[in-house]
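Shown next, in structure tokens, is the structure this report addresses.
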Amino acid sequence: MDIYNKVRDAIIDVVTQRYNQLDIKTLNLITCEQPKNLKFGDLSTNILMILKNIINEDINDIKDLIIVDLKAISIFERVTYVKPGFINFILNKNIWYEVLCSIIKDKNYGLKNLGSNRKVNLEFISANPTGPLHIGHLRGAVFGDVLSRLMTKTGFKVTKEYYVNDLGNQIENLFQTVKIHIENTVSNTNKALKEGMYPGDYLKDIALQLIKENIDLSNKIQVKESIVEKTLDLIKKDLSKLGIVFDSFISEKVIHEQGLLNKVLNILDKKNLIYEGTLEAPRGKKDINWKPENQLIFKSSNFGDSVDRAIKKNNGEWTYFASDIAYHYNKVERGFEEIINIWGADHAGYIKRVDASIKALGNNHIKFNVKLCQIVNLLENNKSVKMSKRSGNFILINEILKKIDKDVVRFFMLIRKNDAHLDFDMKKCLDESKENPIFYIQYAIARVNSLNKFFKEKKLEFVDFNQKLFDKFNENEIDLLKILSLWPKIIENSVIHKEPHRVVYYLIDLAGSFHNYWSKGNLDSNLRVINETDIELTVARLTLLNCISKVIKLGLDILAIKPVEKM
RNA sequence: GCUCUUGUGGUGUAAUGGAUAGCAUACCGGUCUUCGAAACCUGUGGUUAGAGUUCAAAUCUCUACAAGAGCACCA
């Protein structure tokens, strides 16, 4: 049961009966939430402040009528009006009993259907198939995976997609690199790699494999395909170690082969959105090599982009952007109603042009959403580890997973809002104390388990939970229950904003409240959970704590982190 | 120069436009004869600056300042 939405519906009922001219926009402004400070009450609504703007009347003139209507609803013990225009509610205590019962019964408490089976394409990582994944891909990987889990559990049909850039210069460079390795091995020479080639021993391994397979180096296309297949295998291995499985891998090459680029070009051309011309030199970037080139250009600035963008180069080749137009067109063609891309912050400048292309192709109804993940700053011994692409000394995900458990890595990738910078402190990950929130959370589950075990060992009997047991609760327990009642709201907000970190913060909060509750028993033995002289109270408390444990597990499941039953 | 992201206690950060800004760390002082101290409690301290919108701004708009990223082609 989501008590907040339930009461909100009741409030809206009351208001619409009295004022039938309210539109959906206005109704959406009406909130019903737990006030930050619980002294105001269990719930609070802003209805009067919204209403007064719409019907143009003073709050004082309407408040009494509304409050009388609200008081008629049987679930409130008290309805009060407070200064700027809040109406606060105290719920009948038996409502909290109902809330707890619904948590006990509901296997998937809080995971309501928000997506109504909407088809969502969630593209993430899409690292170039030139080698294993490194730390630069880690955050987006975990973020994308957890977002997909969150949305899948709330009624969206999510397809996790990986776009494979298996075309272009980088693949050519990859080919040249492997070629040198092959030649070095076959003719026992020691030719060095050139600028732009890929360092890394994994390519020597691939070279050896290709030799074994008797590959014909002159058949470039086939060799390239074979190399990409092998590097993609490396990536897939890393993914499986992280616990990530994709539903679909889409090849840029295939997009080209299907003729989608020409198709898209034709559509845009018919709409008069393509012209031949030259783009201005990038301002402020003093590049002497800049030469104005005649290109095929898409009028992206008609759709909110700052300048127009080239889609075909002077030499007749497609630009990378052209592929992306076609790729996103392809996503729409496959029937996706919502397109989400998870990109690194360095691709921020790219959003507008892709958005422009989707709109230009007439797909205004498609929800297009890009979530940017800021850079991860790797800390080792309190020092930031500098990495450079050129020398290839990027820390690989594989290496991190050798030192730190995958679940812990996943957790720490989510501990910040996606668009905030993230310090990834290896030392903190290994810490087993309160400073490490994942252990803090797991410890709460372990403690509840320990109580269950203790209860069993004492050979006490578990009775069914009922109203009589509930009445044994004091305000400490009711407060915990109020925190549990927020869970559906947390899920809803996480989904709406596409921000899984909200789940993480809630879990830390919930675990904190639990530890706090537990410790009260240290000061006052009456407040210990297990009280052998009052079995009903003991069972009531255990029931509540098992609900906490259950919600924590539900949360961890969204993050794909295994709960630790015993530590 | 232009675009995007971010500015919250000393430090790291949270907060669908809501009331007294939450948490951690650091610092101060307390709590184990115990259902697990791998924990808890008390105290100090904060929305970069200025204007605007609003009944209400950390949140929205504008300006300034600061940090990071991007800005033909390449991907």
Side-chain angles (χ1 to χ4, degrees), chain A residues 28-29 31 33 35-37 39-40 44-46 48-50 52-53 59 82-86 88 128 130 165 167-171 196 252 278-285 287 289-293 295 305-307 309-310 313-315 317 319-321 323-324 344-352 372 374-375 415-417 419-423 425 431-437 439-440 442-444 446-455 458 489 492-493 496-497 501-502 504-505 508-509 512 514-523 525 528-532 538 541-542 566-567:
Chain A
N28 281 339
L29 294 173
T31 60
E33 55 194 5
K36 266 183 207 151
N37 193 330
K39 85 164 194 205
F40 290 119
S44 166
T45 180
N46 62 353
L48 289 178
M49 295 178 283
I50 301 299
K52 88 167 187 160
N53 289 330
I59 285 187
V82 183
K83 263 187 293 170
F86 291 102
N88 297 328
N128 292 334
T130 54
N165 298 122
L167 270 186
N169 287 341
Q170 55 186 343
I171 300 300
E252 183 185 2
T278 55
L279 289 171
E280 281 178 39
R283 280 172 226 153
K285 202 181 172 190
D287 189 346
N289 296 326
W290 162 258
K291 273 183 229 152
E293 304 229 353
Q295 296 164 313
D305 201 359
S306 48
V307 290
R309 308 287 175 180
K313 299 179 233 170
N314 196 26
N315 62 9
E317 283 176 25
T319 64
Y320 180 77
F321 177 46
S323 295
D324 244 359
D346 53 341
H347 286 68
Y350 210 77
I351 298 174
K352 279 185 181 170
L372 296 176
Q374 268 293 352
I375 292 166
I415 202 154
R416 296 280 171 267
K417 213 182 335 185
D419 48 12
H421 294 262
L422 170 70
D423 283 340
D425 189 338
D431 190 7
E432 299 192 1
S433 79
K434 198 185 171 195
E435 288 188 42
N436 184 343
F439 276 85
Y440 187 69
Q442 298 278 25
Y443 185 42
R447 269 183 153 175
V448 174
N449 275 341
S450 164
L451 287 173
N452 287 328
K453 201 178 141 211
F454 189 83
F455 183 84
K458 291 274 174 188
K489 201 90 180 165
E492 193 179 332
N493 280 335
I496 289 171
H497 298 279
H501 76 275
R502 289 170 189 257
V504 172
Y505 275 88
I508 294 173
D509 249 26
F514 164 77
H515 289 306
N516 173 305
Y517 173 78
W518 170 290
S519 299
K520 288 195 167 108
N522 287 344
L523 298 170
S525 59
R528 290 204 197 165
V529 176
I530 298 198
N531 182 336
E532 290 180 51
T538 302
R541 285 176 173 164
L542 272 180
K566 198 182 162 193
M567 294 168 72

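Each chain gets a letter, A, B and so on, in the order its sequence line appears, and its residues count up from 1.
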**Q.** B/S/- contact track for nucleotides 9-14 of chain B, protein heavy atom under 4.0 Å
**A.** ---SSS

Q) Within the modelled atom types, does a donor on one side and an acceptor on the other bring the side chain of A/N88 and the base of B/rA19 under 3.5 Å apart? A) yes

Q: Among B/rC4, B/rC73, B/rU6, find the nucleotide with the atom closest to the side chain of A/A348.
A: B/rC4

Q. Where do A/A310 and A/T319 come nearest, in terms of heavy atoms and distance?
A. O-OG1, 3.0 Å

Q: Compare side-chain N and O positions of A/R447 against OP1 and OP2 of B/rA37 and report whether any pair is under 4.0 Å apart.
A: yes

Q. In whole angstrom, what separates A/L451's CG from B/rA39's C1'?
A. 13 Å

Tabulate atom names and distances for all N/O pairs under 3.5 angstrom spanning the protein and nucleotides 41-45 of chain B.
residue : atom : partner : partner atom : Å
B/rC41  : OP1  : A/N516  : ND2          : 2.5

Q: Report the nucleotide, chosen from B/rU5, B/rC73, B/rA39, that has the shortest atom-to-atom distance to any side-chain atom of A/K313.
A: B/rC73

Q) Among all residues two or more places apart in sequence or in another chain, which pass the salt bridge (Lys or Arg N to Asp or Glu O under 4.0 Å) test with A/D305? A) A/R309

Q. Going by ring centres under 5.5 Å and near-parallel planes (under 30°), is A/F86 stacked on B/rG18?
A. no

Q) Shortest non-hydrogen contact from A/D431 to A/N436? A) O-ND2, 2.7 Å

(Q) Output the rounded distance in Å from NE2 (A/H515) to P (B/rA37). (A) 11 Å

(Q) Give me the atom names and distance for the closest heavy-atom approach of A/N46 to A/L29. (A) ND2-O, 3.1 Å

**Q.** Sugar-phosphate, base or nothing in reach of A/S450, heavy atoms under 4.0 Å
**A.** base

Q | A/Y443 side-chain N/O to B/rC40 phosphate OP1/OP2 under 4.0 Å | A | no

Q: Work out which heavy atom in A/R528 is nearest to a heavy atom in A/G521; give both atom names and the distance.
A: NE-O, 3.3 Å

Q) What does A/G85 touch in the nucleic acid at a heavy-atom separation under 4.0 angstrom: a base, only the sugar-phosphate, or nothing? A) nothing

Q | Whole-angstrom distance between B/rC62 and B/rC28, as gauged at atom C1' | A | 44 Å

Q: Take A/T31 and A/L523, find for each the nucleotide of RNA chain B with the closest heavy atom, and name the residue whose nucleotide sits nearer the 5' end.
A: A/T31

Q: Calculate the interatomic distance between A/R309 atom CZ and B/rA75 atom P; express it in whole Å.
A: 16 Å

Q. Of the nucleotides B/rG18, B/rA39, B/rC35, which one has an atom closest to the side chain of A/N46?
A. B/rG18

(Q) Could you spell out the base pairing of RNA chain B as a dot-bracket line? Use Watson-Crick and G-U wobble contacts where both distances are under 3.5 Å, [ ] for crossing pairs, | for partners on a different strand. (A) (((((((..((((....[...)))).(.(((.......))).)....(((((..]....))))))))))))....

Q: Please tell me which of A/E317 and A/I375 maps to the more 5' nucleotide of RNA chain B, matching each residue to the nucleotide holding its nearest heavy atom.
A: A/I375

(Q) Taking only the C1' atom of each, what is the distance from B/rU11 to B/rU54 in whole angstrom? (A) 35 Å

Q | Flag, side chain of A/Y505 to backbone of A/I415, donor-acceptor distance under 3.5 Å | A | yes

Q.
Within the 4.0 Å heavy-atom criterion, would you say A/E293 contacts the bases, only the backbone, or no part of the nucleic acid?
A. nothing

Q. What heavy-atom pair brings A/Q170 and A/L167 nearest, and what distance separates the two atoms?
A. NE2-O, 3.6 Å

Q: Describe the nucleic acid contact of A/H497 in one word from base, sugar-phosphate, nothing, applying a heavy-atom distance below 4.0 Å.
A: sugar-phosphate

Q) With a non-hydrogen cut-off below 4.0 angstrom, is A/Y350 in contact with a base, only sugar-phosphate, or nothing? A) base

Q | Integer angstrom distance from the C1' of B/rC35 to that of B/rG46 | A | 39 Å

(Q) What's A/K352 touching, base or sugar-phosphate or nothing? Going by heavy atoms closer than 4.0 Å. (A) sugar-phosphate

Q) Rounded to whole angstrom units, what separation is found between the CG atom of A/D346 and the P atom of B/rC71? A) 8 Å

Please tabulate the protein-to-nucleotide N/O contacts below 3.5 Å involving nucleotides 54-61 of chain B, giving atom names and distances.
residue : atom : partner : partner atom : Å
B/rC55  : O4'  : A/K52   : NZ           : 3.1

Q) Starting at CD of A/E532 and ending at P of B/rC35, how long is that distance when rounded to a whole Å? A) 10 Å

Q: Fit a plane to each ring of A/Y350 and A/Y320, take the angle between them on a 0 to 90° scale, and name the class: parallel (under 30°), tilted (30 to 60°) or perpendicular (over 60°).
A: tilted

Q: For A/H515, enumerate each residue passing the ring pair (Phe, Tyr, Trp, His ring centres under 6.0 Å) test, keeping only those at least two apart in sequence or located in another chain.
A: A/Y440, A/Y443

(Q) Among B/rA75, B/rC73, B/rA19, which nucleotide has an atom closest to any side-chain atom of A/S44? (A) B/rA19

Q) Which part of the nucleic acid does A/I530 contact within heavy-atom distance under 4.0 Å: base, sugar-phosphate only, or nothing? A) base

**Q.** Nucleotide nearest A/T319 (side chain, heavy atoms from C-beta), chosen from B/rC35, B/rC73, B/rA19
**A.** B/rC73

Q | Least distance between heavy atoms, A/F86 atom then A/S44 atom | A | CD2-OG, 3.7 Å

Q. For A/D419, which contact category applies under a 4.0 Å heavy-atom criterion: base, sugar-phosphate, or nothing?
A. sugar-phosphate

Q: Grab the NZ-C1' distance between A/K489 and B/rA15 for me, whole Å please.
A: 14 Å

Q: Show your reasoning for whether side chain to side chain donor-acceptor pair (under 3.5 Å) applies to A/K489 and A/N493.
A: CA-CA 6 Å; A/K489 201 90 180 165; A/N493 280 335; over 6 Å; no

Q: Measure the distance from CG on A/N452 to C1' on B/rC35 and round it to the nearest whole Å.
A: 11 Å

Q: Have a look at A/N522 and say if it touches a base, only the backbone sugar-phosphate, or nothing, with a 4.0 Å heavy-atom cut-off.
A: base

Q) Roughly how many Å is it from OH in A/Y517 to C1' in B/rU31, rounded to a whole number? A) 19 Å

Q. Taking the same atom, P, in B/rU25 and in B/rG7, what whole-Å distance lies between them?
A. 22 Å

